[in-house]
Every structure is written in C-alpha cells, then in structure tokens.
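Working notes for the structure below.
Heads up: numbering here begins at 1 and tracks the sequence. Ligands are counted one by one from 1 in listed order, and the atoms in each one are counted from 1 as well. Computed from heavy atoms alone, side chains included, the values below leave out hydrogens, waters and symmetry copies.
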Amino acid sequence: MARQDRPGRKVAVVGAGMVGSSFAYALIINGVARRLALIDRDPDRAAGEAMDLAHSLSFLQPVVVESGGYELCGDADIVVITAGAAQKPGESRLDLTRKNAAIIKKIVPLILTHNPDPIILMVTNPVDILTQVLLQESGLERSRVIGSGTMLDSSRFRHLLSQNCGVDVRNVHAYVVGEHGDSEVLVWSHANLAGAPLSEMCPVCTASCMLGVKQNIDEQVRNAAYKIIRRKSSTNWAIGLAVTRIVETILMDQDSVLTVSALWEGAHGLPSVCFSWPRLVGWQGVKSDLAFPLDPGELEALNASAEVIRDSLEALGS
Ligand code: NAD
C-alpha cells in the first residue's frame, strides 16, 4: 500500500496562506496528524507549501503532506478553513464579512461533495459570522461546525496575566467569551492562578494591583490583532498553534475545555448565534457547553457581543 493511502488521522486545510501554512507547520511539528492535505485557490501556493513542509519530515514524526483539489477532503477527519481575504490595517473584522462569506459559500459544497460528514473548523474572519454561515450552508450537525473563536484571545489574556504576575502561563486560567473581535468579553470573575481568584488581588505577591492593570490588559487583548497587523501585516504563529490545539483535542478525543465558537442554544436569553464559550471538545466535536456563571456585568457585555454578531448576520441576510 502506498504511503499516502495508509489510514490515519487526516486533516485537510483549505487556504494555504499565512495562517493555513503556519497551522500546517504547527500541526506536523507537534505530530498531531498522520496525513495533511493543503488546498488553495492558488494551486502553486499550496504545492510550494506542501513541498517546503515535506522537506522537514526527516526531523519529524511520520506524516504524509500533499496538495491538490477538494477530493483530498474525501477521507479527512477534519477540514480546516483558513481561506479568504486577510484583515487589512485599519479594517475591522466585520468589514471582511461580505467578501469572506461569499468565499465560504463557494467552498462548502466543494468539501461536502467529497466528504458529506466532516468536522469543519472555521478560522477565516469574521470567524463567528462565518461559522454560522458554514452551519447554514453545510446542514451539518451543530457539534461538527466549530469556529476557532476566542482561542487566540484567551491565550493572549493568559499570557498578559502571566507576565503581570510573573507566573508560568500554564498555571494561569482565564477565558475570553463572545465575539472574536471588538466586542469580546474578558471573564475576570473566573480568572485565576492555580485556582486562586485574580479578580482583585494576585495571590502570588498579594499586591492589589489587579484593579489598576485590568483596563490595560483588556485593551491589549482586544487590540492585539490590530497592533500586530500594523507591524507585520498578518497574525499567524499563535493562531497556528491555537488551531493545532483544537484539532489535537478532537483527533485525540481529549475532552478539553476550549473557548471555541459554536451555535448558542439560547440559555440566559442570549441571541442564538455562533460565539465563543468554554465548551467540552472531543472526538465528535463540541460535546457540551460548560455551565459557567458570569457576573451580571459580564453577562450584559456578552449579550451585547452576541447582538453585534446577530446584527452582522442580519446585514448579511443570513
Ligand atoms: P492569506 O492572504 O495569507 O491567505 C489566504 C489564502 O486563502 C490565500 O492563499 C488565498 O489564495 C486563499 N484563498 C482565497 N480565496 C480562496 C478560495 N475561494 N478557495 C481557496 N483558497 C482561497 O491570509 P491569512 O493571513 O492566512 O489569513 C486567512 C484568514 O484567517 C483571514 O480571514 C484572517 O483574518 C483569518 N485569521 C483568523 C484568526 C482567528 O483567530 N480566527 C487569526 C488570524 C487570522
């Protein structure tokens, strides 16, 4: 049997640009998939990335890397969509909506022709709106339509808290919920260092600095993408790893709690649209939404964030 025909965990990536190729690199160096397929509107781009990645294989765990058309989605466990226009300096994520929704509507039937029941992971922005467009266009079960959501934002939040408190980021637990975008909500009421709440005081140095630094950290998380894009035109490394974490969780059935985007099923009177929330993720995709009580101010902000997404969907006619 030819190596590329052997069974094993397979991931297909549609969109081999900065984010798609950074994700592909993170995926293979972490040994998460056995087979990786790259698909792009520009086949040379996908082929070039596949060649470059394949040349690193002597240093890695075995993985087959290939490029080609949508037939490569046929036996993929997960299809990751990173195709689309990138955010331009000064352009809000919502400005991209119409452009990228049209691209997604074109891509989805091409995937489903070859694979009627994949898990599809949306990364293209505005990710919550496009996750909902994907859900509507694909007719797939809610659990199998996932957006990368605020995985990146939660990681930025944890990193900044880690820096502020001088504690290993792995001991910092904090989530960003709602839209991956300007209206996102940093959940301070649950932020903690090794279980000790951080809402007003850092338990490590017992300094009550949190009230002063909250606004600064909030601003840095919310505006991180704009600041990076102004300097280097795109963000790619951290999102590549964030998507790898989601894919690993699904392929390895890890039951991890991740702030991914999925359809909200109506609790707390919030609009039933796709946004991020701490969710249990495993082999079937999203297994459940955590019961995660927010304080009244956070709930109000989440409601406002979900309304931003609902308004954009309405403007889009979805
Ligand atoms: P990029 O321009 O480098 O890559 C986009 C790729 O998509 C290109 O290779 C292009 O040829 C391909 N493409 C465009 N239309 C296509 C189509 N119809 N079919 C197949 N391929 C197509 O952009 P990038 O920096 O990789 O960003 C990709 C997307 O990821 C953007 O929407 C960006 O905003 C988003 N992004 C999301 C997050 C997140 O947290 N969700 C983070 C960073 C970037």
Side-chain angles (χ1 to χ4, degrees), residues 12-26 37-50 52 67-70 72-73 79-111 120-134 137 146-157 176 178-182 184 221-247 258-262 274-276 309:
V13 187
V14 182
M18 290 299 291
V19 172
S21 55
S22 302
F23 159 64
Y25 185 58
L38 300 180
I39 300 155
D40 198 283
R41 180 181 60 181
D42 174 357
D44 276 346
R45 171 86 195 236
E49 294 293 359
D52 199 5
S67 69
Y70 283 86
L72 294 178
C73 294
V79 179
V80 177
I81 300 181
T82 64
Q87 199 173 4
K88 301 274 183 317
E91 186 178 42
S92 87
R93 291 192 180 98
L94 294 178
D95 291 339
L96 286 172
T97 306
R98 286 186 193 283
K99 238 186 309 185
N100 283 345
I103 291 176
I104 298 312
K105 286 181 183 177
K106 232 164 49 189
I107 289 173
V108 170
L110 298 171
I111 297 170
I120 306 186
L121 178 52
M122 178 61 65
V123 184
T124 307
N125 276 319
V127 68
D128 303 291
I129 292 160
L130 297 183
T131 303
Q132 185 127 356
V133 169
L134 170 63
E137 293 294 311
I146 305 172
S148 58
T150 53
M151 286 290 291
L152 180 55
D153 317 69
S154 296
S155 178
R156 287 172 174 152
F157 189 14
V176 178
E179 181 201 14
H180 168 60
D182 300 343
E184 66 192 22
V221 172
R222 202 174 299 279
N223 293 316
Y226 295 117
K227 290 181 181 174
I228 297 169
I229 288 167
R230 208 164 47 233
R231 288 167 170 83
K232 54 168 272 196
S233 304
S234 63
T235 66
N236 57 305
W237 299 120
I239 183 64
L241 277 162
V243 178
T244 299
R245 175 80 175 98
I246 303 171
V247 168
L258 305 177
T259 51
V260 289
S261 189
C274 290
F275 59 80
S276 284
I309 295 166

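At least one N or O atom of N125 sits closer than 3.5 Å to an N or O atom of ligand 1. Taking distance alone, with nitrogen or oxygen atoms compared against 3.5 Å, S148 approaches ligand 1 more closely than that limit. Any N or O atom pair closer than 3.5 Å counts here, and V123 shares at least one such pair with ligand 1. The N/O atoms of H180, backbone and side chain alike, include one that comes under 3.5 Å of an N/O atom in ligand 1. Residue G84 has at least one nitrogen or oxygen atom sitting less than 3.5 Å from a nitrogen or oxygen atom of ligand 1, judged on distance alone. Annotation: D40 places an N or O atom under 3.5 Å from an N or O atom of ligand 1; distance criterion only.
Ligand 1 places these atoms under 4.0 Å from at least one heavy atom of L152: 40 (O). Which parts of ligand 1 touch I103 is read off a 4.0 Å heavy-atom cut-off, strictly below it: atoms 15 (N), 17 (C), 18 (N). Here is the list of ligand 1 atoms found below 4.0 Å of a heavy atom in V19: 24 (P), 25 (O), 26 (O), 27 (O), 30 (O), 43 (C), 44 (C). Taking every heavy atom of N100 and a limit of under 4.0 angstrom, the matching atoms of ligand 1 come to 32 (O). Applying the 4.0 Å criterion to heavy atoms of S234 picks out, from ligand 1, the atoms 25 (O).
The main-chain N or O of A262 is never found under 3.5 Å from a side-chain atom of T131 such that the two would form a donor-acceptor pair. Judged purely by atom type and a 3.5 angstrom limit, S155 has no side-chain atom pairing as donor or acceptor with the backbone of M151. Judged by distance alone, the side chain of E137 and the main-chain N or O of K105 form no donor-acceptor pair under 3.5 Å. A donor-acceptor contact shorter than 3.5 Å is absent between the side chain of N100 and the backbone of P126. In this structure, T150 contributes its side chain and V176 its backbone to a donor-acceptor pair below 3.5 Å.
If you check each of S261, G15, G17 against atom 4 (O) of ligand 1, the one with the closest non-hydrogen atom is G17. Residue nearest to atom 20 (C) of ligand 1, selected from K106, M18, R41: R41 (by heavy-atom distance).
The side-chain heavy atoms of E49 and D40, taken from C-beta on, include no pair separated by under 4.5 Å.
Among L121, I246, V243, the one residue that satisfies the side chain to side chain contact (heavy atoms under 4.5 Å, CB included) test with F23 is V243.
A16 and A46 get closest at one heavy-atom pair: CB-CA, 4.0 Å.
Residue A85 places a heavy atom under 4.0 Å from ligand 1.
The backbone and the side chain of T235 each have at least one atom closer than 4.0 Å to an atom of ligand 1 (non-hydrogen atoms only). Residue contacts with ligand 1, taken as heavy atom pairs separated by less than 4.0 Å, involve A83 via backbone and side-chain atoms alike. Counting heavy atoms under 4.0 Å from ligand 1, residue T124 touches it through both backbone and side chain.
Distance CG/N125 to OG1/T235: 8.0 Å, rounded to 0.5 Å. Taking CD1 of I120 as the reference point, atom CD1 of I107 lies at 10.0 Å (rounded to 0.5 Å).
Within a 6.0 Å sphere centred on OH of Y25, heavy atoms belonging to other residues, nucleotides or ligands number 12 at most.
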